[in-house]
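Here the structure comes first, spelled out in structure tokens, and everything after it is commentary.
Proteins come first, then strands; the chains are lettered A, B, ... in the order of their sequence lines, and each starts at number 1.
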There are 2 protein chains.
Amino acid sequence: MDMPVRVADDVDLGRLDSALGFLLRMAQLKVYERFFETLGDKDLKPGEFSVLWVISRNPGIRQSVLGQRLMIKRAHMTKLIRGFEDRGLVTRRVPDEDRRAVEITLTPEAAARVEKAAEWFFDFEDAVGNNLSSAEQKQLTLLLRKIVGLN
Amino acid sequence: MDMPVRVADDVDLGRLDSALGFLLRMAQLKVYERFFETLGDKDLKPGEFSVLWVISRNPGIRQSVLGQRLMIKRAHMTKLIRGFEDRGLVTRRVPDEDRRAVEITLTPEAAARVEKAAEWFFDFEDAVGNNLSSAEQKQLTLLLRKIVGLN
DNA sequence: GAGAGATTGTTTCTTTGTAAACAAAATTTG
DNA sequence: CAAATTTTGTTTACAAAGAAACAATCTCTC
């Protein structure tokens with residue numbers, strides 16, 4: 001009587017269920033999903049917010065540096081920044097010292113908007129570890145920072 | 001003397017540097033990057049391996065169930081499976097009990113290939129937590145499993 | 001059992017992200 | 001300092017992934 005597997009919980013993941021890379025991907029997808037469930041109406045996506053936030057903390061930062069820090073490829077960064085420019089959120093300036101580079105700064109409107117968005121964004125981020133104790137959350141943050149190389 | 005930020009380590013991330021969702025994304029990107037550095041020549045990507053692996057553990061599993069478990073949307077799953085079919089890795093069968101569904105099974109060649117690939121894949125996965133102590137690795141696995149809802 | 005609604009998979013369109021080739025400017029090296 | 005190399009950003013082409021509309025089938029309700 002070989003009933004086919006019917007529901008997701010019955011699926012045998014084998015060793016995959018404790019593979020770190022796999023779990024990281026699943027966790028990230030899950031968080032993303034939750035984001036769009038609860039904040040899908042906001043007009044900034046997590047990636048967009050992160051970029052704008054980092055620009056706000058580092059005015060005049062260069063595209064390349066921004067990309068390195070947020071792990072966004074140059075080609076993609078170009079598109080993101082142009083998108084922001086089209087929306088009037090950032091200004092680009094080519095510095096005299098290095099005329100290949102582009103320095104990015106928030107417009108005043110964007111700066112205000114990022115501060116506003118930071119409220120719901122970080123509220124959400126704080127809630128990500130909801131089903132963990134606060135000690136566990138601290139621990140997880142620490143471990144992820146190590147994986148990422150932020151220590 | 002307002003030197004612009006020059007290198008990635010000087011970038012101020014503000015509160016972002018301990019935001020769980022952000023860290024999860026960064027960690028996942030980092031792992032992905034490392035995968036392609038070390039195993040970029042293999043002809044199976046992590047996502048592809050995971051799907052084939054799960055099929056191998058659950059022969060005759062349905063596309064929908066597979067997608068639910070691996071968090072892959074139906075539309076995307078269709079493309080993945082067709083790709084596998086074109087490569088002769090899986091066979092599709094519409095069961096009589098439910099003629100909307102599709103049951104997926106590995107071809108014998110694919111089954112062998114997955115077993116072979118499992119070696120380097122799980123070796124890689126084991127190495128993901130390299131710069132963590134083995135206690136930390138266990139802890140991280142546990143916490144991620146909680147986030148994902150695998151407990 | 002006939003119709004309303006839900007599920008399953010596919011198709012088409014769009015978005016997000018990467019890869020490779022390129023141009024311009026800076027740096028290195030001989 | 002001139003030629004070779006590297007860095008920075010852009011463009012073009014493509015791959016990965018999601019959204020929405022659709023068709024077929026199944027289930028539920030009356």
Quick one: [X] [atom1] to [N] [atom2], roughly how many Å, whole number?
X	N	atom1	atom2	value
B:Arg62	D:dT25	CZ	P	15 Å
B:Gln68	C:dT7	CD	P	10 Å
B:Glu97	C:dT8	CD	P	13 Å
A:Ile61	D:dT8	CD1	P	13 Å
B:Met71	D:dA19	CE	P	12 Å
A:Leu70	C:dG17	CG	P	12 Å
A:Phe36	D:dG18	CZ	C1'	10 Å
A:Glu33	D:dA19	CD	C1'	14 Å

Does [X] make a side-chain N or O approach to OP1 or OP2 of [N] shorter than 4.0 Å?
X	N	answer
A:Arg92	D:dT10	yes
B:Ser64	C:dT7	no
B:Arg100	D:dC22	no
B:Arg25	C:dG17	yes

Inset, instruction - Name the closest nucleotide to the A:Val102 side chain, picking from D:dT25, C:dG9, D:dG9. - result: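 Among the listed nucleotides, the one closest to the side chain of A:Val102 is D:dG9.
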
Inset, instruction - Answer whether the closest heavy-atom distance between the side chains of A:Phe122 and A:Phe49 falls below 4.5 Å. - result: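 A side-chain contact exists here, since the closest heavy-atom pair is under 4.5 Å.
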
Legend entry - Side chain to side chain, B:Leu66 and A:Val11, heavy atoms closer than 4.5 Å: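 Sidechains of A:Val11 and B:Leu66: no contact.
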
Legend entry - Residues within residues 73-83 of chain A bordering DNA chain C, heavy-atom distance below 4.0 Å: A:Lys73, A:Ala75, A:His76, A:Lys79

So that I can tick it off, tell me whether [Y] and [X] are bridged by a salt bridge, with the cut-off set at under 4.0 angstrom between side-chain N and carboxylate O.
X	Y	result
B:Lys146	A:Glu136	yes
B:Glu125	A:Arg25	no
B:Arg113	B:Asp43	yes
A:Glu48	A:Lys42	no

Legend entry - Main-chain N/O of A:Leu150 paired with A:Arg145 side-chain donor or acceptor, under 3.5 Å: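 Present.
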
Inset, instruction - Tell me which of A:Tyr32 and A:Asp96 sits closer to the 5' end of DNA chain C, going by the nucleotide each one is nearest to. - result: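 By nearest-heavy-atom nucleotide position, the 5'-most residue is A:Tyr32.
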
Inset, instruction - Identify, between A:Asp98 and A:Leu29, the residue whose nearest nucleotide on DNA chain D lies closer to the 5' end. - result: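 Nearest-nucleotide comparison on DNA chain D picks A:Asp98.
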
